[in-house]
Amino acid sequence: MKVEVLVAALGQEPRRLAKEMKLNSDALIINQCDRFSYDEWEDGGHRFRAFSFAERGVGLSRNSAMMRAEGDICLFSDQDIIYEAGYEKKVLEEFEKNPQADMLIFNIEVEAQRRTYFNTGRRRVRIYNCGRYGAVSFAVRKEALLASGVTFSLLFGGGARYSNGEDSLFIMEFIRKGCRVYTAPVLIGREKPSESTWFSGYHEKFFFDRGVLYHYLYGKLAGMMAVRYLLAHRKSLCVQLTCRQALKQMRAGIAEGKR
């Protein structure tokens, strides 16, 4: 089996980016910029391909990569991830240990204030606890990915209409399709500190967009989950708006999602 890293990049020089990320496996880079071009090269026995497109949207970028992927295992990534030495071997070993897994979620080291999870064991991921994981932690069997028919939403994420959440929607739909997702307590890379492409504060748009996302994630339970979310995180979230104001925005977002 081969691992292929699917990189979503913005305005990069692909060959330089591959070295900065310490990519040491096959890789496919989707570089959103102001031109259309293709580049291909080999390094260390690995094949690198780079498509440059004059378009925007992280969901569009990931879908473009999925359509062109050739590896047995697709490892989703962003341009700010730097990989550990031997990451390909680690990923393959985990899939060998868990042959029933369609997707494994690995550890990516991030700044403490941005951390939403850290795997300490191997366990099944279910719909009720899948929302904490980012796409850069996903390693998916290509056969299962294509058979599921699941793609990334073009409504959510960097460069899209609504701020974020495309990864939560993706993994939830993947599980709903009957695919099996497990955690892997293995560190394969770290996120290089950089300015977020979507987060600019806990303002009205943040909560409104979160409300739209909750409609797609939870349906009729969206309102209840919005209240739970704000109560659980009110000390960190309700700093620019009061909890009442934040809930009003989330409810408005849920209503827009229904429309």
Side-chain angles (χ1 to χ4, degrees), residues 1-92 103-110 114 133-142 145-146 150-154 156-160 164 166-167 170-171 187-198:
M1 289 199 302
K2 274 195 173 185
V3 171
E4 184 174 31
V5 182
L6 308 183
V7 183
L10 180 64
Q12 297 294 309
E13 197 291 301
R15 294 196 182 213
R16 182 177 68 243
L17 178 64
K19 292 186 179 298
E20 290 175 352
M21 294 179 65
K22 298 184 179 179
L23 293 174
N24 193 26
S25 66
D26 287 6
L28 170 59
I29 299 171
I30 302 295
N31 181 41
Q32 295 187 338
C33 55
D34 58 358
R35 69 183 186 278
F36 291 92
S37 64
Y38 175 74
D39 189 17
E40 183 176 330
W41 69 99
E42 289 193 8
D43 187 10
H46 302 295
R47 184 182 180 215
F48 294 83
R49 294 179 292 149
F51 292 85
S52 292
F53 296 127
E55 57 191 26
R56 294 294 183 272
V58 68
L60 185 59
S61 184
R62 297 204 197 285
N63 291 341
S64 295
M66 285 163 49
M67 289 190 297
R68 297 167 172 84
E70 296 179 356
D72 303 295
I73 305 296
C74 297
L75 179 59
F76 291 104
S77 187
D78 287 336
Q79 66 187 41
D80 56 359
I81 303 299
I82 299 174
Y83 285 97
E84 297 283 301
Y87 69 88
E88 181 180 31
K89 182 180 178 182
K90 293 177 182 179
V91 170
L92 292 175
M103 176 194 292
L104 291 178
I105 296 175
F106 289 86
N107 286 330
I108 298 289
E109 184 181 314
V110 300
R114 286 172 47 80
Y133 305 109
V136 296
S137 64
F138 300 171
V140 192
R141 294 186 193 272
K142 190 179 72 173
L145 183 62
L146 296 179
V150 177
T151 58
F152 284 88
S153 171
L154 303 186
F156 297 88
N164 73 319
E166 77 288 349
D167 35 19
F170 178 88
I171 190 172
L187 181 70
I188 61 170
R190 60 184 174 87
E191 182 184 69
K192 181 172 60 177
S194 61
E195 186 176 346
S196 174
T197 59
W198 68 269

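As the structure is a computational prediction, the values presented were derived from the model and not from experiment.
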Q: Passes side-chain contact (heavy atoms from CB on, under 4.5 Å), Glu191 versus Ile81? Steps please.
A: CA-CA 5 Å; Glu191 182 184 69; Ile81 303 299; 4.1 Å; yes
Q: Please identify each residue that fulfils ring pair (Phe, Tyr, Trp, His ring centres under 6.0 Å) with Tyr38, with sequence neighbours left out.
A: Phe51
Q: Is a side-chain donor or acceptor of Tyr87 paired with a backbone partner of Lys22 at a separation under 3.5 angstrom?
A: no
Q: Would you check if the side chain of Gln79 reaches a backbone N or O of Leu10 as a donor-acceptor pair within less than 3.5 Å?
A: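 Yes, the answer is positive, given that a donor and an acceptor are paired below the 3.5 Å cut-off.
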Q: Do any pairs count as a salt bridge (Lys or Arg N to Asp or Glu O under 4.0 Å) and have a residue in residues 24-36, sequence neighbours left out, and if so which ones?
A: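 Matches after skipping sequence neighbours: Lys2-Asp26.
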Q: To the closest 0.5 Å, what do you measure between OG (Ser61) and CE (Met66)?
A: 11.5 Å
Q: Under the rule for ring pair (Phe, Tyr, Trp, His ring centres under 6.0 Å), what residues qualify as partners of Phe106, not counting sequence neighbours?
A: none
Q: Does the Arg47 side chain pair with the main chain of Ser25, one donor and one acceptor, at a distance under 3.5 Å?
A: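 Checked: no pair found.
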Q: Can you list the residues that meet the ring pair (Phe, Tyr, Trp, His ring centres under 6.0 Å) rule with Phe138, with sequence neighbours excluded?
A: none
Q: Is it true that Lys192 and Asp78 make a salt bridge, defined as a side-chain N closer than 4.0 Å to a carboxylate O?
A: no
Q: Do Ser77 and Tyr83 get their side chains close enough for a donor-acceptor pair, meaning under 3.5 Å?
A: yes
Q: Which heavy atom of Gly11 sits nearest to which heavy atom of Asn31, and what is that distance?
A: N-OD1, 3.3 Å
Q: Would you please name every residue forming a salt bridge (Lys or Arg N to Asp or Glu O under 4.0 Å) with Glu42, sequence neighbours left out?
A: none
Q: Quick one: do Glu4 and Arg68 make a salt bridge, cutoff under 4.0 Å?
A: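 No, Glu4 and Arg68 are not salt-bridged.
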Q: Taking only residues two or more places apart in sequence or in another chain, which ones pass ring pair (Phe, Tyr, Trp, His ring centres under 6.0 Å) with Phe152?
A: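 Residues passing ring pair (Phe, Tyr, Trp, His ring centres under 6.0 Å) with Phe152: Phe76, Phe170.
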